Amino acid sequence: MDVLDEVFSVVRDRVRNPREDSYVSSLLSDPKGLDRVLEKIGEESFEVVIAAKNGRDGEIVAESADLIFHLMVMLAVKGISLDDVRAEFARRRK
Ligand SMILES: N=c1c2ncn([C@@H]3O[C@H](COP(=O)(O)OP(=O)(O)OP(=O)(O)O)[C@@H](O)[C@H]3O)c2ncn1[C@@H]1O[C@H](COP(=O)(O)O)[C@@H](O)[C@H]1O
């Protein structure tokens, strides 16, 4: 398991078993529900674009990690696994 698998596994657990000290649980307890996660994906995407235009490598990496993390939260809510995404990349590979 690499770190993305490890984090995804924790995220999936938070979706099933909310905890008070959890960022994922706090995001999902928002009255907007999944829409709040989708808003975060929109915000983080914008931050990636700004970082790629003007930022240093460290900012681009940090904002990319935030975006990938929020995509993982959405996938976990939808019951889609990282392996499903891996399989899609494998299918597309030339
Ligand atoms: N990898 C991450 C991770 N990356 C980013 N974030 C959070 O994503 C948020 C990024 O959003 P912003 O930059 O807009 O910051 P913010 O102002 O705090 O966000 P909002 O108040 O606007 O929601 C921050 O609060 C970060 O802490 C993460 N939160 C948790 N994880 C991992 O996810 C797993 C579950 O974490 P918990 O749910 O906290 O237990 C654990 O393995 C964690 O290490």
Side-chain angles (χ1 to χ4, degrees):
M1 268 226 257
D2 79 358
V3 69
L4 290 182
D5 290 310
E6 284 170 13
V7 170
F8 190 72
S9 170
V10 179
V11 167
R12 226 169 10 188
D13 184 59
R14 298 289 187 265
V15 171
R16 292 176 189 146
N17 308 297
R19 277 171 48 156
E20 242 177 52
D21 60 347
S22 155
Y23 172 76
V24 173
S25 303
S26 70
L27 199 54
L28 296 177
S29 68
D30 188 286
K32 291 182 193 165
L34 178 62
D35 280 0
R36 180 68 193 126
V37 180
L38 302 181
E39 277 180 2
K40 291 299 293 182
I41 291 173
E43 289 169 23
E44 301 301 348
S45 300
F46 184 68
E47 285 170 19
V48 167
V49 171
I50 299 299
K53 279 277 188 190
N54 309 315
R56 299 194 181 140
D57 287 359
E59 289 167 57
I60 298 170
V61 169
E63 297 303 346
S64 298
D66 279 347
L67 176 57
I68 291 167
F69 170 73
H70 286 89
L71 285 171
M72 291 200 296
V73 176
M74 178 275 294
L75 291 169
V77 170
K78 290 287 186 181
I80 297 167
S81 72
L82 282 191
D83 282 344
D84 294 327
V85 178
R86 275 196 189 87
E88 179 63 16
F89 274 100
R91 191 187 65 75
R92 291 180 190 181
R93 190 156 183 219
K94 295 176 183 167

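For ligands, and for the atoms within them, numbers begin at 1 and follow the listed sequence. Computed from a predicted structure; not experimentally measured.
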Residues that Lys32 engages under salt bridge (charged side-chain N to carboxylate O under 4.0 Å, His left out), provided they are two or more places apart: Glu39
Within residues 6-24 or reaching into it, pairs that qualify as side chain to side chain donor-acceptor pair (under 3.5 Å) - sequence neighbours excluded: Asp13-Asn17, Arg19-Asp21, Ser22-Ser25, Tyr23-His70
Backbone of Ser81 reached by a side-chain donor or acceptor of Asp84 within 3.5 Å: yes
What are the atom names and distances for all N or O pairs under 3.5 Å between ligand 1 and the protein?
residue	atom	partner	partner atom	Å
ligand 1	11 (O)	Lys40	NZ	3.3
ligand 1	11 (O)	Glu44	OE2	3.3
ligand 1	14 (O)	Lys40	NZ	2.5
ligand 1	19 (O)	Lys40	NZ	3.2
ligand 1	22 (O)	Lys40	NZ	2.9
ligand 1	23 (O)	Lys40	NZ	3.4
ligand 1	38 (O)	Ser22	OG	2.6
ligand 1	38 (O)	Tyr23	N	3.2
ligand 1	38 (O)	Val24	N	2.9
ligand 1	39 (O)	Tyr23	N	2.8
ligand 1	40 (O)	Arg14	NE	2.8
ligand 1	40 (O)	Arg14	NH2	3.2

Contacts of type side-chain contact (heavy atoms from CB on, under 4.5 Å), residue Leu38, not counting sequence neighbours: Leu34, Asp35, Ile41, Met74
Side-chain heavy-atom pair Lys53, Ile50 within 4.5 angstrom cut-off: no
Any Val24 side-chain heavy atom under 4.5 Å of Phe69 side chain: yes
